[in-house]
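Both ligands and their constituent atoms are indexed starting at 1 by order of listing.
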Amino acid sequence: MAAGIAGGRYLLTCYNCKSVNTKYIFVTGGVVSSLGKGIMSSSLARLLLSRGFRVTIQKFDPYINIDPGTLNPYEHGECYVTNDGHEADLDLGHYERFTNVPTSRANNITSGRIYQSVIDKERRGDYLGKTVQVVPHVTDEIKRRIKQLGNTGNYDFVITEIGGTVGDIESLPFLEAVRQLRWELTDDCLCLHLTYVPFINAAKELKTKPTQHSVKKLQELGIQPDVLVLRTERDIPAAMLRKVAQFCNVSPKAVFQSIDVPTIYEVPLKMHEQGLDDVVLDLLDVDVESRLDLAAWNRFLDKMHSATETVTIGLVGKYVELQDAYKSINESLLQAATYDDHRLCLRYISSERINDGNVAEQLAGLDGVLVAPGFGQRGVEGKFVALRWCRENDVPTFGICLGMQCMVIEFARNVLGLADANSTEMDPKTPHNVIDLMEEQKSISNLGGTMRLGAYRCRLTPGSRVAAIYGTDVIEERHRHRFEFNNDYRDRFEAAGMRCTGENPDAHLVEVVEIPSKRWYIGTQFHPEYKSTVLNPHPLFVDFVRAAIAYKAEKKD
Ligand code: GLN
C-alpha cells in the first residue's frame with residue numbers, strides 16, 4: 001500500500017488489492033425503511049478509509065423528483081447541499097461526516113434524473129429507431145451512473161446505497177441494474193443487505209422470518225446477497241445468526257448484527273468487532289493485511305463517553321418535532337460539544353410558540369441559542385422575539401441563513417428603529433427591505449435547483465471575530481438561499497454596531513454579520529453545518545459552543 005497526502009486528502013494506490021479494479025459494494029434494505037442503510041454504508045466506508053483505501057458512497061433514490069430540493073422537510077428531512085451546489089438527500093451528510101470526503105452531484109441520483117436523461121437522449125435521437133424501455137434503456141442509464149465515480153480512477157471502493165425497501169415497485173429498475181452489474185463486474189462487487197429482526201414482546205423472542213422473506217424477495221429479483229446485516233434492539237444469539245445464514249444461502253461468517261448503540265458514531269466499531277471489514281475485503285479478494293487505524297475516531301468516541309459536564313443549546317426553528325429537519329446542525333453541535341469535552345443537551349424550541357410574554361421562560365437556562373435556517377413566514381415572528389431577547393441579554397447566539405436574516409431584521413426593527421423592516425420573502429411590500437431578493441433571482445420562475453447553491457468564496461474582515469475563529473481571511477462555504485442582506489442599509493447597521501464581516505469578493509453579498517460588543521452574536525448567510533465532520537468539527541460551531549460553555553460558567557459565578 002502506498003499512501004500520500006495530496007490536497008489534504010489521501011491518495012492511495014491499492015497495491016493490496018490482488019486486482020486493481022474498483023470494487024463495488026451495493027447496499028440494499030429490507031423489511032422496513034429507516035434501518036440506517038446510510039449509517040451502515042458510512043460505517044463500512046469509515047472502516048475501509050481507516051485501512052487506507054479511497055472510498056466514495058453514492059445514494060440512488062427511487063423517487064421521481066429530480067432532487068430533494070423542493071421537498072418539504074416533513075417528507076425526507078433536511079436537504080443537504082454539496083460543494084458543487086447539488087441539493088441532496090440527507091444521507092450524503094452522513095457520508096461526509098463519517099468519511100471526511102466531500103460528495104458531489106454524482107453521489108446522489110434519483111429516478112427523476114435517470115428518466116430525464118433517458119428522455120433527453122430520446123428527444124436528441126440517440127436511440128433512433130428503437131423503442132425506449134425500462135430494460136435496457138433505463139437500467140443502462142442506472143448502470144452508467146453507478147459506474148461513473150468508479151470510472152474516474154479516484155476510488156478503490158464505490159459503495160452504492162439503493163434507497164427504499166426491497167419489494168417497492170419504484171426500486172425495481174435499480175435492483176435489476178444491480179443484478180446485471182453483478183454479472184458484469186463478477187468478483188469486483190458484492191451485495192450487502194440490511195434487514196430487521198424484531199423482538200416480539202409477548203413471546204419474548206427475536207424473529208428472523210421477516211429477514212428470510214426479504215432475502216427471498218431479493219433472490220426472486222435475481223440477487224443473492226453476499227453479506228447480511230441484521231438490525232436489532234437486542235443481542236441476536238450466534239445460533240440464530242447461523243440459522244439465518246443457512247436459510248438465506250449466505251456464508252455464516254458473513255451474517256452480522258447491528259444492535260442499537262447510544263451514538264451512530266459507534267457503529268463502525270461494532271461492525272469491526274464482528275469482522276465486517278475483513279469479510280468484505282476477503283469476499284472482494286482484497287488483501288486483509290492492511291492496517292486499520294481508527295485512533296482519531298476512537299479519540300472522538302472516548303471524549304464523547306468520558307464527558308460529564310453538559311452544555312445546553314436551544315435550537316429555535318419551526319420543525320422542532322422532526323429531528324431530521326436539522327440533522328447537520330444537530331451533528332455539528334454534537335461534534336463541537338464533544339470536541340470540548342461536553343455532553344450536548346439540545347433543546348428544540350418551536351419558534352411558533354415564542355412571544356414577548358413567554359420568551360424569558362422559553363429560553364430560560366440556555367447556554368447558547370441557534371436560530372435555524374428556513375423558508376416562509378411561519379414561525380418567523382417568534383425568531384425575532386427570541387433574537388431580541390438573546391441580544392439584549394447577551395446570550396451566545398448563532399443565526400444560520402434565515403436565522404442570520406432574522407438577526408438583521410430584528411436589529412433593524414429594534415435598534416435602527418425601522419419598525420416595519422422585513423425580508424421581501426415575508427412581506428414583499430415592506431418599506432424597509434433590509435433583506436431582499438438577490439438580483440440574479442428576479443428573473444427565475446422555476447423552483448427546482450435555482451437557488452444560490454453550493455460553495456462560494458467569502459472574504460472575512462481582518463480583525464473580526466469570525467476571521468479569528470477561522471484563522472484565515474478567505475473561506476469557502478456552502479449556500480442555499482434566494483434572499484440577501486440589502487447593502488443600501490449597510491452603513492446604518494455598521495454605525496449602530498452590527499458589522500458585516502464576511503463578503504463575497506465578486507458579488508459583494510454580505511455573508512456574515514456580527515455584533516462585536518456581544519459575547520458571541522454571529523449570523524452566517526452560508527451553512528457551515530454542511531462541512532462539519534467527526535474528524536474536522538467546524539470552527540464556527542466549536543467556537544460557538546465554547547462561548548456557550550464559558551457563558552454557563554459565568555452564570556454560575
Ligand atoms: N428563505 C431564505 C432565503 O431563501 C433563507 C434560506 C435558508 O435558510 N436556507 O434566502
Side-chain angles (χ1 to χ4, degrees), residues 67-74 76-83 85-88 90 93 315-320 322 324-330 332 351-352 369-384 386-387 397-410 412 421-428 430 433-456 458 477-487 489 500 502-504 507 509-513 522-532 540:
D67 58 49
T70 53
L71 290 177
N72 187 311
Y74 288 114
H76 276 272
E78 163 188 284
C79 173
Y80 187 76
V81 179
T82 59
N83 277 331
H86 179 61
E87 296 179 286
L90 62 72
L315 179 71
V316 176
K318 65 177 170 182
Y319 299 109
V320 285
L322 183 80
D324 273 357
Y326 303 116
K327 192 83 202 154
S328 294
I329 291 178
N330 301 353
S332 304
S351 53
E352 282 182 285
V369 172
L370 192 150
V371 180
F375 296 84
Q377 172 67 35
R378 183 164 75 88
V380 89
E381 291 297 327
K383 288 184 174 176
F384 301 143
L387 284 166
T397 309
F398 195 176
I400 298 182
C401 207
L402 180 64
M404 169 269 198
Q405 297 176 354
C406 289
M407 280 177 158
V408 169
I409 296 165
E410 185 280 319
N422 214 332
S423 162
T424 47
E425 179 180 5
M426 315 307 161
D427 176 7
T430 172
N433 52 343
V434 290
I435 301 292
D436 203 359
L437 191 63
M438 277 182 276
E439 204 47 48
E440 68 201 47
Q441 288 286 326
K442 290 186 178 157
S443 56
I444 287 173
S445 53
N446 274 358
L447 293 184
T450 54
M451 281 189 243
R452 179 172 180 245
L453 290 167
Y456 285 90
C458 168
E477 292 283 3
R478 302 182 198 174
H479 299 70
R480 184 174 186 243
H481 64 121
R482 296 187 198 279
F483 294 81
E484 59 163 324
F485 180 96
N486 182 346
N487 270 318
Y489 288 88
C500 303
E503 183 183 277
N504 177 278
L509 298 175
V510 170
E511 305 280 27
V512 185
V513 296
I522 297 178
T524 62
Q525 184 59 75
F526 50 76
H527 292 260
E529 72 272 23
Y530 295 142
K531 279 178 78 169
S532 192
L540 271 177

**Item:** Pair Glu425, Gln377: side-chain N/O donor-acceptor within cut-off below 3.5 Å
**Value:** no

**Prompt:** Are side-chain N/O atoms of Glu477 and Thr524 paired as donor and acceptor at under 3.5 Å?
**Reply:**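 On atom types as modelled, these side chains do not qualify, holding no pair under 3.5 Å.
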
Using a 4.0 Å cut-off to any heavy atom of [X], which atoms of ligand 1 qualify?
X	value
Arg482	3 (C), 4 (O), 10 (O)
Arg480	6 (C), 7 (C), 9 (N)
Cys401	5 (C), 6 (C), 7 (C), 8 (O), 9 (N)

**Prompt:** Which is it for Glu425 and ligand 1 at heavy atoms under 4.0 Å: side chain, backbone, both or neither?
**Reply:**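 It is the side chain that gets close, since no backbone atom is under 4.0 Å.
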
**Request:** Determine whether the side chain, the backbone, both or neither of Gln405 has a heavy atom under 4.0 Å from any heavy atom of ligand 1.
**Result:**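 Side chain only; the backbone of Gln405 stays clear of ligand 1.
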
**Asked** Does an N or O anywhere in Gly376 fall below 3.5 Å from an N or O of ligand 1?
**Response**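 Min N/O separation from ligand 1 is not below 3.5 Å for Gly376.
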
**Prompt:** Would one find an N or O of Gly374, backbone or side chain, under 3.5 Å from an N or O of ligand 1?
**Reply:** yes

**Asked** Closest non-hydrogen protein atom to atom 10 (O) of ligand 1, residue and atom name please, with distance?
**Response**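 Ranked first by proximity to atom 10 (O) of ligand 1 is Phe483 N, 2.9 Å.
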
**Asked** Under the 3.5 angstrom rule, does the side chain of Gln405 hit a backbone N or O of Ser423 as a donor-acceptor pair?
**Response**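 The answer is no, because no donor-acceptor pair under 3.5 Å joins these two groups.
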
**Asked** So Tyr326 and Tyr319, would you call those rings parallel, tilted or perpendicular, with 30° and 60° as cut-offs?
**Response** tilted

**Min heavy-atom dist His527 to ligand 1 below 4.0 Å** = yes

